[in-house]
**Student:** 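Just passing along the structure, written as structure tokens.
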Amino acid sequence: MRASDKLRQHIRGIREDKHFTQADMAEKLGLSITGYAKIERGQSQINIERLQQISKVLEVSIAELIPFGDDGVVFLIIQMITLVIPAILV
């Protein structure tokens, strides 16, 4: 299983543990229900900014959202690099 799939499953698990529906998450994130559902289904990319928003809504740290294991760490590092490098080049 890919790291991004593990991340999505982990987010869903935390959401369900907190008794939030996809509709609850969508409303709190300013998304349509379909838009949020696409995040959990892997039909929409999750970037660092979105991870920050999700972690805030779920009241957990970004580190808690990332599944354990090397794949999760690599995924987070790649996402951070893609966010930081364009900002440095501007």
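The basis for the numbers below is simple: all heavy atoms, side chains too, and nothing from hydrogens, waters or symmetry mates. Computed from a predicted model, the values in this text were never measured in an experiment.
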**Student:** Once rounded to the nearest 0.5 Å, what's the spacing between atom CD1 of Ile33 and atom NZ of Lys38?
**Tutor:** 13.5 Å
**Student:** Let me confirm one number: the CG-CG distance from Leu51 to Leu65, rounded to the nearest 0.5 Å.
**Tutor:**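 Answer rounded to 0.5 Å: 6.0 Å.
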**Student:** Do Lys56 and Gln53 make a side-chain contact, defined as non-hydrogen atoms from C-beta onward lying under 4.5 Å apart?
**Tutor:** no
**Student:** Do Ile54 and Val60 have side-chain heavy atoms sitting under 4.5 Å apart?
**Tutor:** no
**Student:** Does atom CD of Gln43 have more than 12 heavy-atom neighbours, drawn from other residues, nucleotides or ligands, at distances under 6.0 Å?
**Tutor:**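 More than 12 within 6.0 Å, yes.
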**Student:** Only distances under 3.5 Å count here; give the side-chain donor-acceptor pairs of residues 18-31 to other protein atoms, sequence neighbours excluded, each with its distance to 0.1 Å.
**Tutor:**
| from | atom 1 | to | atom 2 | distance (Å) |
| --- | --- | --- | --- | --- |
| Lys18 | NZ | Leu58 | O | 3.1 |
| Thr21 | OG1 | Ala23 | N | 3.3 |
| Thr21 | OG1 | Asp24 | N | 2.9 |
| Thr21 | OG1 | Asp24 | OD1 | 3.4 |
| Thr21 | OG1 | Asp24 | OD2 | 3.2 |
| Gln22 | NE2 | Glu40 | OE1 | 2.9 |
| Asp24 | OD2 | Thr21 | N | 2.8 |

**Student:** Please name the pair of heavy atoms, one in Ser55 and one in Ile62, separated by the smallest distance, quoted to 0.1 Å.
**Tutor:**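 Closest approach of Ser55 to Ile62: OG-CG1, 3.7 Å.
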**Student:** Kindly compute the distance separating CD (Gln9) from CG (Asp5), expressed to the nearest 0.5 Å.
**Tutor:**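 It is 7.0 Å, given to the nearest 0.5 Å.
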**Student:** I'd like to check the side chain to side chain donor-acceptor pair (under 3.5 Å) partners of Ser61; sequence neighbours left out, ordered by chain and number.
**Tutor:**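 Ser61 satisfies side chain to side chain donor-acceptor pair (under 3.5 Å) with Glu64 once adjacent residues are dropped.
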**Student:** Carefully, step by step, assess Arg41 and Tyr36 under the rule side-chain contact (heavy atoms from CB on, under 4.5 Å).
**Tutor:** CA-CA 9 Å; Arg41 286 194 310 262; Tyr36 180 76; over 6 Å; no
